[in-house]
2 protein chains.
Amino acid sequence: MATRSRRPERRQEPLSRERIVEAAVELLDTVGERGLTFRALAQHLSTGPGAIYWHITGKDELLGAATEAVVAAAVAVEPSGRTADSPEDTVRAVALGLFDATEAHPWLAMQLAMQLSRTPWATVAPRIFESLGRQVRAMDVPEAHWFTATSALMHYILGAAGQNAANSASAARAGLTGGDVDRDAFLDTVSAAWEALDPEEYPFIRAVANQVRGHDDREQFLAGITLVLAGITAHHRPGH
Amino acid sequence: MATRSRRPERRQEPLSRERIVEAAVELLDTVGERGLTFRALAQHLSTGPGAIYWHITGKDELLGAATEAVVAAAVAVEPSGRTADSPEDTVRAVALGLFDATEAHPWLAMQLAMQLSRTPWATVAPRIFESLGRQVRAMDVPEAHWFTATSALMHYILGAAGQNAANSASAARAGLTGGDVDRDAFLDTVSAAWEALDPEEYPFIRAVANQVRGHDDREQFLAGITLVLAGITAHHRPGH
DNA sequence: ACCTGAACACCGTTCAAGT
DNA sequence: ACCTGAACACCGTTCAAGT
């Protein structure tokens, strides 16, 4: 007799939206987007698939709630209390929070793209935008540039986070568990793939292929943030 | 007797990968990702669902090929011949090509995120990276900064394009057909939604909400590109 | 070599029926 | 009020059979 569920667990406190979302995040992290089904989720919660619909309207809301939960946790680096750090450093902290979240939850980036196209700016985008915008305001940026500067930061972060999630997912699929050695091996693979591209068609990529090997993702990401911050600062110097 | 298909069309030249991908893009554009099914695609091509599998291994490859086709067309602004324009202007052209592509194909941004996480850097990312990298090289950037600068540009573009695709999709779903008047109406909706946010929790967003109304998406996008380009330039001045 | 279409193993979602 | 689980209308994919 095979065990039916690897999660017997005592009884079960009554189902709740919170518990369902929590279980959904867990499933997304462990078995991926394709593994998150209402049947699997129900089994995980020791209930039937129909029960979930009492608390959640459908799969769209479920994915949205999972995304929001993870983003909210990632962005909560600024506890609305003491703001001893410089705005630039706080931007870096928020950015890194999201970056690391996409590494821990490789499904996040795609869900962000998907989420944004469902309910516009619904709940997750304003969170990020507000958090970054406060720091922009705290810098020397004139009000007319607030929107552009904050948008640029957010777009860079979302793009980079998406890219990182992609890489993490690829590495995970290649069976690399995430240790530094494995990560290096993965980057070697990428670098080798780049060097294998047609030199006629991709001369630039081949020229920088060796720069990929051994570089640190987070460091690279922060270098980009610094670059965008430099652009924000440079933009309203005398002459602009 | 109802007509069975709204696409009788003479006979049909024999099926081909190219024709299938073309039809897939058409379906994605008209009925969205959820509307692209093998059965619908087969009907569109006056054949059976099984026939498609002779030319394409499965849905993943189908979506990947559709994405690549659209990206390749969008990035092909630099005909490898005369390069009279400045590198900065070429960056703007490539960036705008992708931006407009996400407007014409709202499913593109999500597919980009998805695609990148399947086969790493497979076919679409190198195309974009190469195209931008050539321009970075043509600017005054020292070789050590090529990778960072090109990455920053690409990440900003992907993030902004994703955001734009999201907005386009939302506007389309709201029944706005894309004319300027409708677009303005949509932005009014966004602006109003922002102003309705809790002022305690979102003070910054409320402060910039009025800046959204009447702003031009493409102009805003290009302002971000200019900002990133300024960051790239500023970054290797004396003192850095 | 290329196409057909029934069949299989799933999905998300609904809903009468239970407690 | 909350949960159950069978049932419905789909999917992607396979594969024997055709041409």
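Letters go in sequence order (proteins before strands), and every chain restarts at 1. Side-chain atoms are counted along with the backbone in the values below, which use heavy atoms only and exclude waters and symmetry mates.
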Q: Between R19(B) (CZ) and dC2(C) (P), how many Å, whole number?
A: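 So the CZ-P distance, R19(B) to dC2(C), works out to 16 Å.
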Q: Working to the nearest 0.5 Å, report the span between NE2 of H44(A) and CD1 of I20(A).
A: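 CD1 of I20(A) is found 12.5 Å from NE2 of H44(A).
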Q: Could you tell me whether a side-chain N or O of S131(A) sits under 3.5 Å from a main-chain N or O of I128(A), the two making a donor and an acceptor?
A: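 Flag not set: sc S131(A) to bb I128(A) has no pair under 3.5 Å.
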Q: Can you check whether Q111(A) reaches M110(B) side chain to side chain, under 4.5 Å on heavy atoms?
A: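 Answer no - side chains too far apart.
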Q: Can you confirm whether the side chains of D29(B) and W107(B) place a donor and an acceptor under 3.5 Å from each other?
A: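 W107(B) and D29(B) do have a side-chain donor-acceptor pair below 3.5 Å.
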Q: Please name all residues satisfying side chain to side chain contact (heavy atoms under 4.5 Å, CB included) with A161(A), sequence neighbours left out, ordered by chain then number.
A: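 For A161(A) the side chain to side chain contact (heavy atoms under 4.5 Å, CB included) partners, ignoring immediate neighbours, are T102(A).
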Q: Once you round to the nearest 0.5 Å, how far does CG of L62(B) lie from OG1 of T57(B)?
A: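 Answer for the CG-OG1 pair, L62(B) versus T57(B), is 9.0 Å.
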Q: Using Watson-Crick pairs (N1 to N3, plus N6-O4 or O6-N4) and G-U wobble pairs, both distances under 3.5 Å, which stems of at least 3 pairs involve DNA chain D?
A: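 Stems (3+ consecutive pairs) listed as C:4-8 with D:12-16, C:12-16 with D:4-8.
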Q: Among dC3(D), dC3(C), dG12(C), which nucleotide sits nearest the side chain of P14(A)?
A: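 Nearest listed nucleotide: dC3(D).
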Q: Please round to the nearest 0.5 Å and tell me the distance separating atom CG of L28(B) and atom CG of L108(B).
A: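 Those atoms lie 10.0 Å apart.
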Q: I56(A) CD1 to dC2(D) C1': how many Å, rounded?
A: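 Atom CD1 in I56(A) sits about 15 Å away from atom C1' in dC2(D).
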Q: What closest approach, in Å, do W194(B) and F147(A) show between heavy atoms, and which atom pair accounts for it?
A: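 Closest approach of W194(B) to F147(A): CH2-CE1, 3.8 Å.
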Q: Distances under 3.5 Å between protein N/O atoms and the N/O atoms of nucleotides 13-19 of chain C, please, pair by pair.
A:
from    : atom 1 : to     : atom 2 : distance (Å)
dT13(C) : OP2    : Y53(A) : OH     : 3.1
dT13(C) : OP2    : K59(A) : N      : 2.8
dT13(C) : O5'    : Y53(A) : OH     : 3.2

Q: Rounded to whole angstroms, how far apart are CG on L62(B) and C1' on dC11(D)?
A: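 Answer to the nearest Å: 14 Å.
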Q: Starting at CG of L36(A) and ending at P of dG12(C), how long is that distance when rounded to a whole Å?
A: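 These atoms are roughly 7 Å apart.
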Q: CG of L41(A) versus C1' of dG5(D): gap in Å, rounded?
A: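 Checked: the CG to C1' distance equals 16 Å.
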Q: Set out, in order, the CA-CA distance, both residues' side-chain angles and the distance that settles salt bridge (charged side-chain N to carboxylate O under 4.0 Å, His left out) for E22(A) and R17(A), then state yes or no.
A: CA-CA 9 Å; E22(A) 185 191 354; R17(A) 194 188 137 97; over 6 Å; no
Q: Establish, with yes or no, whether the OP1 or OP2 oxygen of dC2(C) is under 4.0 angstrom from a side-chain nitrogen or oxygen of W54(B).
A: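 Indeed, a polar side-chain atom of W54(B) lies that close.
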Q: What's the CD-C1' distance between Q43(A) and dG5(D), to the nearest Å?
A: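 One finds 14 Å between C1' of dG5(D) and CD of Q43(A), rounded.
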